[in-house]
Each structure stands twice: as structure tokens, then as C-alpha cells.
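This is the structure, below, for whatever I ask next.
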Amino acid sequence: MNRRTFLKAVAATAALGSAVPTVIRAADAKPVLLGGKPVHTGGWPTWPRWNEAWEQGVLNVYRSGKWFRGSDKHVETFETAFANLIGAKKCVTTTSGTTAMTVALHVMDVNAGDEVITSPYTFIAPYNVILNASALPVFADTDPATLTMDPVSIESRITDRTRAILPVHIFGSPCDMDAINAIAKKHKLAVIEDACQACLAEYDGRKAGTLGDLGCFSFQESKHLPAGEGGAVTGMSAELIDKCNSFHNCGRSVGTYQGKGAFTGGHNLRMMQVQAVILLQELEARKQDILSRCANADYLGAALNKIPGIATARLQKNSRAVWYLYPFRYDAQQFNGLPRDKFVKALSAEGIPCSAAYHEQYNEGLIDEAINSRGFKRLWSSAQLKTYRDSFQELKGTQQACATVVAIGQKMLLADRSALDHIPEAIRKIQKYSAELAKG
Ligand SMILES: Cc1ncc(COP(=O)(O)O)c(C=O)c1O
């Protein structure tokens with residue numbers, strides 16, 4: 001208990017008169033899992049955020065009967081606004097972050113039998129999109145200090161089939177893009193940024209989504225700029241974005257991309273007008289939220305780093321992370337061997353919802369399903385697929401990240417600082433009682 005909460009508790013107790021003791025019972029100061037009271041009871045900000053003033057805009061779209069991309073201009077207006085927001089040359093929207101990456105992989109010519117080097121420590125979408133392109137996701141290792149792709153591990157994984165690198169700015173923290181781009185240039189590989197968690201993240205004065213050949217964003221409900229679902233591909237080449245636009249719109253000719261005939265190969269991955277209207281209306285408010293999150297993360301991180309056994313993620317030089325989840329590394333040794341999962345349970349019980357974030361997903365069904373499929377067996381020899389599968393054991397940095405990270409959700413970073421103070425306070429309480437908790 002810090003001085004502020006102590007004084008608050010004493011004042012509240014005094015206000016109730018002599019019927020209750022004027023000192024806080026020692027048991028209350030214990031962790032909830034040992035019978036004490038939670039540090040935080042006030043709840044946390046909710047997400048997504050709605051404003052009633054935006055409802056007319058949504059109704060107008062439905063009443064106009066102009067619902068699809070081709071019927072009105074809202075989607076194009078948002079694309080221009082989003083490109084301006086991140087300093088990209090151009091943007092095309094899609095139905096999701098997943099489909100944004102599908103478009104980007106196609107346009108960067110990732111084909112059946114190719115290999116794409118990506119981050120294993122991520123939400124599952126990059127695995128899926130690469131596999132769905134009948135290509136193999138080859139995993140670079142994770143730097144456990146930054147939790148992003150470790151560039152040192154990339155070159156040894158390049159083969160004559162490697163076509164692209166797909167780094168994930170996980171948690172909204174930019175990867176080491178100078179190093180990644182240098183390797184890509186040397187080996188003539190495309191770079192596709194997964195910036196789905198990284199809206200307005202910065203690296204060396206530039207925003208995520210402008211750092212590689214193409215950048216991919218998600219506007220899914222939990223993201224920093226949500227529309228329920230939705231996505232975007234961004235980049236610094238109008239020609240590439242026009243190609244993306246064509247592919248997402250059934251292969252129609254667009255701008256500089258005239259294709260061959262009325263249609264070239266394509267998909268239907270178009271955003272709806274109503275999604276664009278929501279995104280346009282909330283853009284300024286969500287931008288402010290991102291800035292608040294960044295400031296609050298700095299405030300929280302400073303307090304967390306003072307706790308022995310807790311270390312926040314290191315950022316790349318001159319970069320700004322925007323924190324889709326806010327992660328920190330947990331060292332059980334400093335908590336009397338209390339296992340990470342028990343720590344997560346104990347902290348959650350204190351009113352601080354948290355999780356272990358990402359796990360070793362490459363050991364799960366989707367990779368085995370793909371490499372045992374008829375198609376993959378045609379594209380790679382069984383010896384190649386065995387070597388590939390065995391190589392996952394080398395991902396030592398990723399294993400470390402998966403075993404030690406604890407993360408809180410982005411909406412918690414929008415809370416008052418008095419609520420944020422409860423997070424280090426609850427961790428210190430758990431640390432104090434960690435030996436007892438470890439026995440339970
Ligand atoms: C890192 C990352 N990449 C890709 C995606 C996919 O985005 P969507 O859910 O819009 O398809 C997500 C979504 O959570 C994500 O976190």
C-alpha cells in the first residue's frame with residue numbers, strides 16, 4: 001500500500017465512525033489469493049469508444065443506399081486521410097489486417113513454394129497469410145529485450161526460395177527496420193511491415209507503415225483505430241498501392257495499374273462506406289488516445305522498472321511504441337520462484353487484468369497441418385519440411401519471450417494515473433508474499 005492509498009483508506013475508515021477499526025487489518029494487505037482485498041476495484045476504461053454525435057453519419061450512409069466502395073467517396077476520403085496521418089504516399093483499405101497482408105504478399109509476388117521470413121512472436125495472422133499463399137513462414141528469432149524480430153537471426157535463414165521479410169511491430173513497438181531493410185536490399189527481398197498493432201508508432205522520424213515496401217494495418221475492434229473490422233495497405237510507392245487496390249477490387253484497373261484487359265487476378269476485399277465514415281469521424285479522438293497511451297506507458301514503465309524482477313521492453317533507437325498490449329518481462333527468481341502463470345493469476349485477482357500474451361504457436365496444429373498437406377508436400381521435399389520443423393527448436397529468444405512476458409491491455413493505459421499506480425502497487429504486494437503464493 002502506498003502513502004496515498006493508505007491515507008485514503010484511513011480517511012474512509014474514520015468517516016465510518018467507531019464501528020470499524022481505524023487501522024487497516026493486516027489480512028487486507030495480503031494478496032487476494034491469500035485472503036486479502038484487491039488493490040484495484042474501480043474497473044478500467046472500456047474499448048472501443050463511441051460518440052453519439054457520430055451516429056447521424058452512419059445513418060446517412062444507410063439511408064443513402066450507397067453502401068459499397070464504388071457508390072460513394074467516404075472510403076477514398078479515409079484512405080487519403082490515413083495516408084496523410086502516417087506520412088505514406090498512398091493507402092488502400094481492405095476488409096481486415098489479415099486481408100491487407102494477403103494483398104501485400106500477392107503484390108510483392110510471394111508465390112506457391114516461396115519462403116517468407118517473419119516474426120514467430122505475434123498474433124497468428126502472419127502465419128496464416130503466408131501459409132494461405134502456399135508459402136512457408138520461416139521464423140527469425142525474437143530479441144527477448146525488445147520482443148521484436150532479431151535481425152541477427154535473419155541471414156542464416158535466407159535460401160534461394162526466400163522472397164520477402166515480414167517483420168511484425170509487435171505490441172506497437174517498431175522492429176529494427178534499418179537492419180532489416182539492409183538485409184532485404186542485399187538479398188533483393190521485399191519488406192512487408194505488419195503494422196496492425198502499430199498505428200502511429202515511429203522509427204527514426206518515420207511512421208510504421210512507411211518503412212518497408214508495404215505496410216499493413218488493422219481496424220479491428222480492439223485496435224487503436226477501430227471500425228469493428230477493416231484494414232489498410234500503405235506505402236511510399238503509388239504504383240505498388242495501385243496494384244494493391246486492383247487486387248483487392250477483383251483485379252480492376254486502377255490509376256497507374258492498368259493490368260492486361262478489364263480484369264487481372266484479384267479478390268474482393270473492399271471496405272464498406274460505413275466503416276470509412278466511422279474511421280473518419282473518430283480519427284482525431286483516436287489520435288489523442290494514442291498520445292495519451294504513450295505518455296501513460298512512460299509513466300507506468302518508470303514505476304515498473306523500479307521493481308526487482310520486472311523489466312519493460314527496450315525500444316529501438318529513436319522510436320516510439322504505441323502499445324497495443326503493454327508487456328513487461330517477469331523474472332520468477334525475484335519472486336521466490338513464483339511461476340509466471342501464478343503471478344498472472346495473482347495480479348489479475350488484484351483487479352489488474354493481465355495475460356501471458358503470445359506463446360510458441362509454431363508448435364501448434366496449423367503449421368503441421370500445412371506441411372503435411374498434399375500441396376506443401378508437392379512444393380517441398382520431406383527432408384526440407386523435416387529440417388524446417390526441427391529448426392523451431394533454435395528459437396531460443398522467442399522461447400524466452402514466450403516464457404517470461406506478462407502484458408496488460410491497451411485500454412488500461414487510458415486510465416487515470418491514480419489507477420495506473422495500482423499496477424506497481426499490486427506487483428509489490430505479490431512480490432512481498434511471493435514465497436507464500438508459490439506454495440499455493
Ligand atoms: C500483429 C497482428 N497482425 C495481424 C492482425 C490481423 O488483423 P485483423 O484482425 O484485422 O485481421 C492482428 C490482429 O490482431 C495483429 O495483432
Side-chain angles (χ1 to χ4, degrees), residues 69 74-110 116 118-119 122 125-126 129 164-170 172-175 177 180-181 184 190-220 223-227 229-249 254-257 267 269-271 275-276 278-280 282-283 286-287 290 319-322 324:
R69 180 186 175 106
H74 303 294
V75 176
E76 274 177 55
T77 305
F78 172 69
E79 287 169 349
T80 304
F82 191 68
N84 289 341
L85 180 74
I86 67 162
K89 176 94 177 168
K90 224 169 171 180
C91 161
V92 62
T93 50
T94 58
T95 49
S96 67
T98 302
T99 54
M101 289 194 287
T102 297
V103 171
L105 287 170
H106 173 82
V107 166
M108 296 319 295
D109 197 25
V110 172
V116 178
T118 193
S119 307
T122 177
V129 291
I165 307 178
L166 196 161
V168 181
H169 303 313
I170 198 67
S173 183
C175 294
M177 292 305 295
I180 293 168
N181 282 331
V191 176
I192 299 166
E193 298 171 75
D194 179 342
C196 288
Q197 299 186 358
C199 181
L200 288 185
E202 284 182 17
Y203 177 87
D204 211 10
R206 289 169 298 148
K207 305 259 186 324
T210 67
L211 304 167
D213 292 295
L214 291 171
C216 302
F217 289 86
S218 167
F219 306 125
Q220 185 267 340
K223 301 298 191 305
H224 289 356
L225 183 57
E229 297 282 5
V233 189
T234 57
M236 301 309 285
S237 155
E239 286 74 20
L240 280 180
I241 297 296
D242 284 350
K243 264 189 174 178
C244 291
N245 193 326
S246 171
F247 183 71
H248 106 294
N249 190 12
V254 181
T256 56
Y257 186 69
H267 226 302
L269 303 169
R270 296 183 298 250
M271 176 175 273
Q275 291 167 285
I278 292 171
L279 290 163
L280 277 165
E282 72 175 340
L283 201 56
R286 296 297 82 88
K287 191 174 142 188
I290 290 169
S319 76
R320 174 173 82 181
V322 290
Y324 170 67

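Keep in mind that this is a model prediction, so the values were computed, not measured.
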Would you say the side-chain atoms of Asn249 pair up with the backbone N or O of Asn245, donor to acceptor, closer than 3.5 Å?
->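 Checking the backbone N and O of Asn245 against the side chain of Asn249, no donor-acceptor pair under 3.5 Å is found.
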Return yes if some donor-acceptor pair links the side-chain N/O of Ser119 with the main-chain N/O of Thr122 below 3.5 Å, else return no.
->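 Answer holds: no.
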Of the non-hydrogen atoms in Asp194 and Pro126, which two are nearest, and what is the gap between them?
->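 Answer, listing the atom of Asp194 first, then Pro126: OD2-CG, 3.4 Å.
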Value rounded to 0.5 Å, distance of CD in Glu202 from CG in Leu211 =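 It comes to 10.0 Å.
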Should Phe82 and Leu225 be marked as a side-chain contact (heavy atoms from CB on, under 4.5 Å) after you check the CA-CA gap, both sets of side-chain angles, and the distance that decides it?
-> CA-CA 10 Å; Phe82 191 68; Leu225 183 57; 3.8 Å; yes
Positive for side-chain contact (heavy atoms from CB on, under 4.5 Å) with His248, one of Lys243, Arg270, His267 =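 Only one of Lys243, Arg270, His267 forms a side-chain contact (heavy atoms from CB on, under 4.5 Å) with His248, namely Arg270.
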For side-chain contact (heavy atoms from CB on, under 4.5 Å), just list the numbers for Lys90 and Asp242, CA-CA rounded to whole Å, side-chain angles, deciding distance to a tenth of an Å, and then say yes or no.
-> CA-CA 9 Å; Lys90 224 169 171 180; Asp242 284 350; 2.7 Å; yes
Which atoms form the tightest heavy-atom contact between Cys175 and Val168, and what is the distance?
->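 Residues Cys175 and Val168, closest heavy atoms: SG-O, 3.1 Å.
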Side-chain donor/acceptor of Thr93 to backbone N/O of Met271, under 3.5 Å =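 No: the side chain of Thr93 does not pair with the backbone of Met271.
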Just by distance, do the side chain of Gln275 and the backbone of Glu229 share a donor-acceptor pair under 3.5 Å?
->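 Yes, Gln275 side chain to Glu229 backbone: donor-acceptor pair under 3.5 Å.
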Is it true that a side-chain atom of Gln197 and a backbone atom of Ile170 form a donor plus acceptor pair closer than 3.5 Å?
->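 Such a contact is absent between Gln197 side chain and Ile170 backbone.
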Any donor-acceptor pair under 3.5 Å linking the side chain of Asp213 with the backbone of Val191?
->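 Yes; judged by distance alone, with no hydrogens or angles, the pair exists.
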From Tyr257 OH over to Ile241 CD1, what is the distance, rounded to the nearest 0.5 angstrom?
->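 The CD1 atom of Ile241 is 14.0 Å from OH of Tyr257, to the nearest 0.5 Å.
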Nearest heavy atoms of Thr234 and Ala88, plus distance in Å =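 For Thr234 and Ala88, the tightest heavy-atom pair comes out as CB-CB, 4.1 Å.
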First locate atom CZ of Phe247, then atom CG of Leu105, and finally report the distance between them rounded to the nearest 0.5 Å.
->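 Output value for this atom pair is 9.5 Å.
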Taking all heavy atoms of Pro167 and all of Ile180, pick out the closest pair and write down the distance.
->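 So the two residues come closest at CB-CD1, 3.9 Å.
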Provide the closest heavy-atom pair for Val92 versus Cys244 in the form atom of the first, atom of the second, distance.
->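 Heavy atoms only, the tightest pair is CG1-CB, 3.7 Å.
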Return yes if some donor-acceptor pair links the side-chain N/O of Gln220 with the main-chain N/O of Ser96 below 3.5 Å, else return no.
->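 A pair under 3.5 Å: no.
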Which pair of heavy atoms, one from Ile192 and one from Cys216, lies closest together, and at what distance?
->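 That closest heavy-atom pairing would be CG2-SG, 3.9 Å.
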Working to the nearest 0.5 Å, report the span between NE2 of His106 and CG of Leu214.
->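 Answer for the NE2-CG pair, His106 versus Leu214, is 12.0 Å.
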For Thr118 and Leu166, indicate whether the former's side chain and the latter's backbone hold a donor-acceptor pair under 3.5 Å.
->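 Pair found, side chain donor or acceptor close to backbone of Leu166.
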Enter the distance from Leu280:CG to Thr77:OG1 here, rounded to the nearest 0.5 Å.
->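 Output value for this atom pair is 6.0 Å.
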CZ/Phe217 to CG/Leu200 distance, rounded to the nearest 0.5 angstrom?
->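 With rounding to 0.5 Å, CZ (Phe217) is 8.0 Å from CG (Leu200).
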Would you say the side chain of Met108 lies within less than 4.5 Å of the side chain of Leu240, judging by non-hydrogen atoms?
->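 Leu240 reaches Met108 side chain to side chain.
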Please state whether the rings of Tyr324 and His224 are parallel, tilted or perpendicular, taking 30° and 60° as the class boundaries.
->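 Answer is tilted, since the angle falls between 30° and 60°.
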Is any side-chain heavy atom of Ile290 closer than 4.5 Å to a side-chain heavy atom of Cys199?
->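 Ile290 vs Cys199: side chains touch.
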Side chains of Asp204 and Met177: closer than 4.5 Å at any heavy-atom pair?
->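 Answer no - side chains too far apart.
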